[in-house]
Each structure stands twice: as structure tokens, then as C-alpha cells.
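Chain letters run A, B, ... following the sequence lines, proteins first, then strands; residues in each count from 1.
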Amino acid sequence: MKRTLQNMLSEALAASFREGLLPSCEIPPLEVDWTKDPAHGDYASNAAMILASRLKRKPRQIAEILVAKLGDSGGGIQKMEIAGPGFINFFIEPAQWYQMLGVVEERSERFGMSDLGGGRSMQVEFVSANPTGPLHIGHARGAVVGDVIANILAATGHSVFREYYINDAGNQMNNLGRSVYYRYLQLLGEAVEFPENGYQGDYITGLAREIMDRDGDRYRVLGEQEAVPVLSADAGGVILEGIKDDLKAFGVVFDLYFSERELYKDNGVAKLLEELKQKDFIYEEEGTLWFRTTAYGDEKDRVVVRQNGEPTYFAADIAYHRNKFARGFDTVIDIWGADHHGYIPRMMAGIQALGHEREALQVILVQLVSLLRDGKPVAMSTRAGEFVTLRQVVDEVGKDAARYNFLMRRSDSHLDFDLEVAKRQSNENPVYYVQYAHARICSIFRTAAERGFVRPARRDVDPSVLKLDEEIALIKAIVRYPEVVEAAALALEPHRLTFYLNDLAGLFHSYYNRNKVLSEDDPLSMARLFLVTCIQTVLRNGLDLLGVTAPVTM
RNA sequence: GCGCCUGUAGCUCAGCUGGAUAGAGCAACGGACUUCUAAUCCGUAGGUCGCGGGUUCGAAUCCCUCCAGGCGUACCA
């Protein structure tokens, strides 16, 4: 509908130019938007005001000419008004709205999907935590945001690939191996001192115990040098399996877990650095290799190979991103914790040096989460191994409440996550608001069946009996849903969907309290049942994109 | 010091990339269950959109100064 109006406006403008009613100029994109206030019609355009300065005419005069032209074409418009400084307000024929409800039925579980992306392939990389310990609450937000962005992109005609980058090649893994090794020695009764920067969580002791039970004192005999790499790989593998399980319980599944070590096979990283050196992006100074990231606007050049010969994380990350593009993805989306934002300029420089446009990489920053319990901060220290894990949160508050809570804010905004509030079954907790709307609709259908109503199809009802303002408002909200999904996809902002669903549920709850769906008036009951079916479809589709269940009963 | 982000109702946050009278939830107060689920609804109250300038028909939104908070500023990841 929005697009139809835009096209009509463009045509009207072109016609005015041809007929000399207006001095011609290049046609700028003409905007048509939803109105906030029903008094302003259903849609409004600011076209006349945009054109005013270019055409050197008064906005209202331009608006009048356009409205006269549009009047000729008819097409579902009940009336048009010129208002305020020069807005053109469109009032749509109710029949148009009713007709669009038919689309909801036709498209059903596909309503809201589109081919916006035209099949472009997008890779979404998220979570990507070191397998040095279980995922904690901070990772949970990134996991949901990434997962839902991927869902939304998939729904809008993109080919989506979800990937988890396992940072399993660096110091941290070595540290993990040492931590396990020392716990292991302690379990064997050695009075060794645990490394100061080691991982202190209880899970380390658990891993050490498993190894001891299985392999006895083998690694003590082997010695630290030999044992640490083995224990590191062993423990990393076990922890990664745990991470996968936790994510699965959280509703997050990846297409690929990509190991950083892959990049080092066949000297891959070294070869890449050599290539970049040929292109003069890399130079040597004081025994270290530097990447000329300043060539693309970074504030200083960055080290890629340290003095001790070890490549930095950045070096591997360039190789990783080259690998991504080599696999044919048109766009690569990285979801990072906001504390990594300083890393963006160098990564952007990296992909540009590889010959890609800046736009090919999109970085979404997710702010860290403050965990609360009844309004009081929960003490967390990763070093000391005191933290609330993703698994604990899912077990305590449930998958649906946890996911929904992470989607209630813009990603780039601090989030307080209160465990007590998230599991409270009250109106302080917004998850249930939307789910309850869905459950209520299901309940209406149970009652309807008892009273002998069948679920009506579009052709069984005369929607023109839906005359109430609230009913029209509901229909408009339903019709708007696909646009919300598209907007969320374009902006990579899943929270828009959350807010929309909350609004739709609100409209429904209000309507439900004021009006009976089932009454003595059969045609009205049927029409309302059909309306409610459409709401149910949208709620279910929307919740599905969020990865939150749509319960039949609550 | 420099860079990025944030600043909107008592609290937590939206505000559709510049539109019409700035919205919602919670908290407060007052109402609605013999009714398709009260995990709901209706109403009241609550604002110098951090401050000051600028851009234009029009600014919470864009630009600049300043103030406050967070993060970053590694041969860590």
C-alpha cells in the first residue's frame, strides 16, 4: 500500500511536469509514512514540502496540484486532504484494508516474509567466545541478538549462514591448559601453587578430575611442557561441547563452528601476510610486522606479528575475514561486545586492504548486561570464576523470558537483567503480555468450537461489519507487520519487532476487554473470528522470529 | 589528552533515519471479574527531550561549544 502510494505520487508529479503545471526538476525520493493520528488519515506524504524549495513554489500549492492529479487515478483512496504546512493525507477505502486481511490468510505462516534481500548471502558471526569456560550472561545477549538478526534476514529473502568463531589458538587456550594442569597436580596431592592468572572456576577442577580418573598420573609423568597442549585441547573440546549444549537449550543453533586453528593450516596466516606485504600494506619495524591500517583511516598502524614471532589476534582475524569472503558471502555481519568497538577501524581497514567495500562488513555492537536480583547487582568476576552462566539463567527464568528480555532494548544500549523480575509471572514482566494475547486467542477458538463455530476463512466472512475504530486500528497494525520486519532487517535491529508485537498485543487486549468476539450476531462473530485469526497469525510469526514460543494456553 | 557510545516522565526505555499536540511499561492514585482466561482492561497524574548556539517551512532526531556518565585508546582477545 505504501509503495503503491509512492508510485502514484511519482506519476502524478511526472504528469504535472509534462503538462507544465510545475517547473520540472529531478524527482527526489518521495516519502509516504504511516500517520500517528487517525485524524491525519492512514498515510501521509511530505512530498510537497520537500519539493517546495526546489520548485520555488508554496508547499500547499504543490500539494493541491498533486492531489488534483492523484484524484484522476482513484485506486483505493477514499479521500485526500491537505493539512498543516503541506502534508498530503490519504484516507484509504476500508475495503482495501479488508482485502489485505485476505493476504494474511493466503500467506499464513509466511505472512511477513519477503524477498527484500533478493537472495543475497549474509553471514552472521556471533557469540564466538573462547572455549575456556561456560558462556555467561554477557554472551547470552549477543547470542539472542545474533540469532534473531539471522532469523529476520532469513525471513526477508536473504540467504543466511550462522557461524561461531572459536578462538582456540591463542594464549587463552594455553592458559586453560595450564590451569587444568595445576588443578590436576593438586588433585594428585602435589603442593603446587596455582598460577595467578589462571582460570579459577570450579569447572576447571571438574575437568581435571575427569582427566585424572581417566588417565591417572600420566600427565605428571609427561611434565608441564608436554602436558599443557594436550590438556588444553582436551579441556577446550569438552568446554566447547558444553557451550554447544547451552546454546541449543537457549534456542541458538549454528551452521558452523569455525576454529581459529583452521587459519594456521598450511601456513595460511603467514601466506596472507606475505601477500599483503607485496601490496605494501605490511611493513617491518623494530622486529615486528605492522599493518598499515592508517591507510584506511585508523588512528595508528597495528601490529600483526609480535617481536617474539607470534601473530596477533588481529592477524588471524584478517585471515578469517578473507576466508569468509572467499566462501562467497556478499555481506558479513559481526556481532561484538561493545567493549570491542575500538577494534572496528582496524577490521574495516583489514577488509578494505583485501579489496572489499566497507559496506561488505557490518559490525553490530551489543552492550554488556548488568545482572540484578531484586534490583541489587549480582557480583560477577570472570577471573575468580564467580559468574552466572547462560545455563543457569535459562534454567532459572526459562528460555522464552530470557530471550525476550534481551530483545527489549536497542542492542547498543545498556541492559539491566533482573532475574527475579524475569521469572515473575506478573505484569512487570512483558514476555507474558504478548504470549498471553496469543493464548487468549487460542482460548477464544476453543470456546468457539464448543458453540459450534468453525474457524472461518476469508471467503466465509463479510469483513465490512468490522466498523469499530479499534477494529480498523487492529487491521492496520496487522497489515503493517511485513513492513516492520523489513525495517528491522534493513536496520539490523531486532528490538523493533519486540516493540511492534507488544503494541499489537496491547491493541488486542484492549479490544478483547471491550468487545465480545462471539455473540448472537453470527456474521459479526464470524468476521471477528477471522480478524482474531489474523492477529494470531502475526503474533505467532513474530514470536517465531524472536525464537519465543507462542503458547496455546497459559 | 584523543576517539566512540549514551543523556527523553520518579525508574527502565521507545521514538519508524527531519514531520503535525514527544510515547509505552513499571512505580503512584482511582475504577472494572454472575462475561471468549483479571498474566488483562479503563481512567488520573507525571516533561525546559543534559545546557547553549546553529542549519530550515519544521529539530528529541542533523552540525558546533560545553556539562555528566560508560567504554576504548596493547606486541590481550
query = Touch check for A:Pro59, heavy atoms < 4.0 angstrom, all strands: base, sugar-phosphate only, or nothing?
reply = nothing

inquiry  = As a test of reading the structure: which of B:rC71, B:rA39, B:rU12 is closest to the side chain of A:Met554, going by heavy atoms?
reply    = B:rA39

d(CG, A:Asn515; P, B:rC42) in whole Å = 12 Å

inquiry  = Regarding A:Thr553, tell me which of base, sugar-phosphate or nothing describes its non-hydrogen contacts under 4.0 Å with the strands shown.
reply    = base

key: Under 3.5 Å donor-acceptor pair, A:His495 side-chain atoms to B:rA14 base atoms   = no

query = Would you say A:Tyr433 reaches B:rC41's phosphate, i.e. side-chain N/O to OP1/OP2 under 4.0 Å?
reply = yes

ask   = If you look at every strand shown and take non-hydrogen atoms under 4.0 Å, does A:Ala439 touch a base, only sugar-phosphate, or nothing?
value = base

remark   = Checking N1-N3 plus N6-O4 or O6-N4 for Watson-Crick, or N1-O2 and O6-N3 for wobble, each under 3.5 Å, the partner of B:rG23 is B:rC13

message = Applying the Watson-Crick and G-U wobble criteria at under 3.5 Å, what pairs with B:rA38? Answer none if nothing qualifies.
response = none

query = Between B:rG19 atom P and A:Ile50 atom CD1, what is the distance in whole Å?
reply = 9 Å

A:Arg60 side-chain N/O to B:rC57 phosphate OP1/OP2 under 4.0 Å = no

ask   = Contact class for A:Ala491 (heavy atom, under 4.0 Å): base, sugar-phosphate, or nothing?
value = nothing

inquiry  = Please tell me whether A:Tyr481 and A:Asn541 have a donor and an acceptor in their side chains that are separated by less than 3.5 angstrom.
reply    = no

message = Hydrogens and angles aside, do A:Asn167 and A:Gln172 bring a side-chain donor and acceptor to less than 3.5 Å of each other?
response = no

query = Of the nucleotides B:rG3, B:rA20, B:rC5, which one has an atom closest to the side chain of A:Ala83?
reply = B:rA20

key: Nucleotide of B:rC13, B:rC36, B:rC75 approaching A:Val303 most closely (side-chain heavy atoms)   = B:rC75

request  = Classify the nucleic acid contact of A:Asp298 as base, sugar-phosphate or nothing, counting any heavy atom under 4.0 Å across all strands shown.
outcome  = nothing

request  = Report the relative orientation of the aromatic rings in A:Tyr343 and A:Trp336; use parallel for angles under 30°, tilted for 30 to 60°, perpendicular for over 60°.
outcome  = perpendicular

task = Find the distance A:Arg410:CZ to B:rG7:C1' and express it as a whole number of Å.
result = 11 Å

query = Looking only at atom P, what distance separates B:rG15 and B:rG19, rounded to whole Å?
reply = 13 Å

remark   = Here the distance between atom P of B:rU35 and atom CG of A:Leu518, to the nearest Å, is 15 Å

request  = Name the nucleic acid region contacted by A:His40, choosing base, sugar-phosphate or nothing; use a 4.0 angstrom heavy-atom cut-off, strictly under.
outcome  = base

For B:rG72, the Watson-Crick or wobble partner whose two distances fall under 3.5 Å = B:rC2

inquiry  = Starting the side chain at C-beta, find the nucleotide from B:rU12, B:rA20, B:rG72 nearest to A:Phe87.
reply    = B:rA20

query = Which part of the nucleic acid does A:Asn130 contact within heavy-atom distance under 4.0 Å: base, sugar-phosphate only, or nothing?
reply = sugar-phosphate

ask   = Of all the nucleotides listed (B:rC16, B:rG3, B:rC13), which has the minimum atom distance to the side chain of A:Arg496?
value = B:rC16

message = By the 4.0 Å heavy-atom rule, please label A:Thr288 as base, sugar-phosphate, or nothing.
response = base

request  = Output the single nucleotide from B:rC71, B:rC75, B:rU35 whose closest atom is nearest the side chain of A:Lys516.
outcome  = B:rU35

request  = Answer yes or no: is there an ion pair linking A:Lys324 with A:Glu125, defined by an N-O contact shorter than 4.0 Å?
outcome  = yes

inquiry  = Side chain of A:Asn513 only, heavy atoms from C-beta on: which candidate in B:rA20, B:rU40, B:rC13 is closest?
reply    = B:rU40

request  = Using Watson-Crick or G-U wobble geometry with both distances below 3.5 Å, tell me the partner of B:rG7, or none.
outcome  = B:rC67

inquiry  = Tell me which one of A:Glu262, A:Glu260, A:Glu163 satisfies side chain to side chain donor-acceptor pair (under 3.5 Å) with A:Tyr320.
reply    = A:Glu163

inquiry  = Under 3.5 Å for both donor-acceptor distances, Watson-Crick or wobble: does B:rA28 have a partner, and if so which one?
reply    = B:rU44

message = Between B:rG70 and A:His414, counting only base atoms on the nucleotide and side-chain atoms on the residue, is there a donor-acceptor pair under 3.5 Å?
response = no

query = Is it true that a side-chain atom of A:Asp301 and a backbone atom of A:Thr293 form a donor plus acceptor pair closer than 3.5 Å?
reply = yes

query = If you check the A:Gln367 side chain, which of B:rC5, B:rC36, B:rC42 turns out closest?
reply = B:rC5

request  = Report which part of the nucleic acid A:Phe499 touches: base, sugar-phosphate, or nothing (heavy-atom distance under 4.0 Å, all strands).
outcome  = sugar-phosphate

ask   = With a non-hydrogen cut-off below 4.0 angstrom, is A:Phe314 in contact with a base, only sugar-phosphate, or nothing?
value = nothing

message = Counting only side-chain heavy atoms from C-beta out, which of B:rC42, B:rC75, B:rU40 sits nearest to A:Thr312?
response = B:rC75

message = Using the C1' atom as the point on both nucleotides, what is the distance between B:rA59 and B:rA20, in whole Å?
response = 13 Å

key: Side chain A:Gln352, main chain A:Arg358, donor-acceptor under 3.5 Å   = no

query = A:Val517 side chain: which of B:rC13, B:rC41, B:rC36 is closest?
reply = B:rC36

inquiry  = Between the base of B:rA20 and the side chain of A:Asn46, is there a donor and acceptor pair under 3.5 angstrom?
reply    = no

ask   = Which whole number of Å gives the distance between the C1' atom of B:rC49 and that of B:rU21?
value = 15 Å

request  = Compute both the distance and the angle, then confirm whether A:Arg346 meets the cation-pi test with A:Phe291: under 6.0 Å from the six-membered ring centre, within 45 degrees of the axis.
outcome  = no

request  = For A:Gln307, answer base if it contacts any base atom (sugar-phosphate contacts may also be present), sugar-phosphate if it contacts only those atoms, and nothing otherwise; contact means non-hydrogen atoms under 4.0 Å.
outcome  = base

query = When the distance from NZ of A:Lys300 to C1' of B:rC75 is rounded to whole Å, what number comes out?
reply = 9 Å

Nucleotide B:rC26, atom P - distance to CG of A:Asn429 in whole Å = 11 Å

task = For A:Tyr343, answer base if it contacts any base atom (sugar-phosphate contacts may also be present), sugar-phosphate if it contacts only those atoms, and nothing otherwise; contact means non-hydrogen atoms under 4.0 Å.
result = base

request  = To the nearest Å, give me how far apart CD (A:Glu31) and P (B:rG18) are.
outcome  = 8 Å

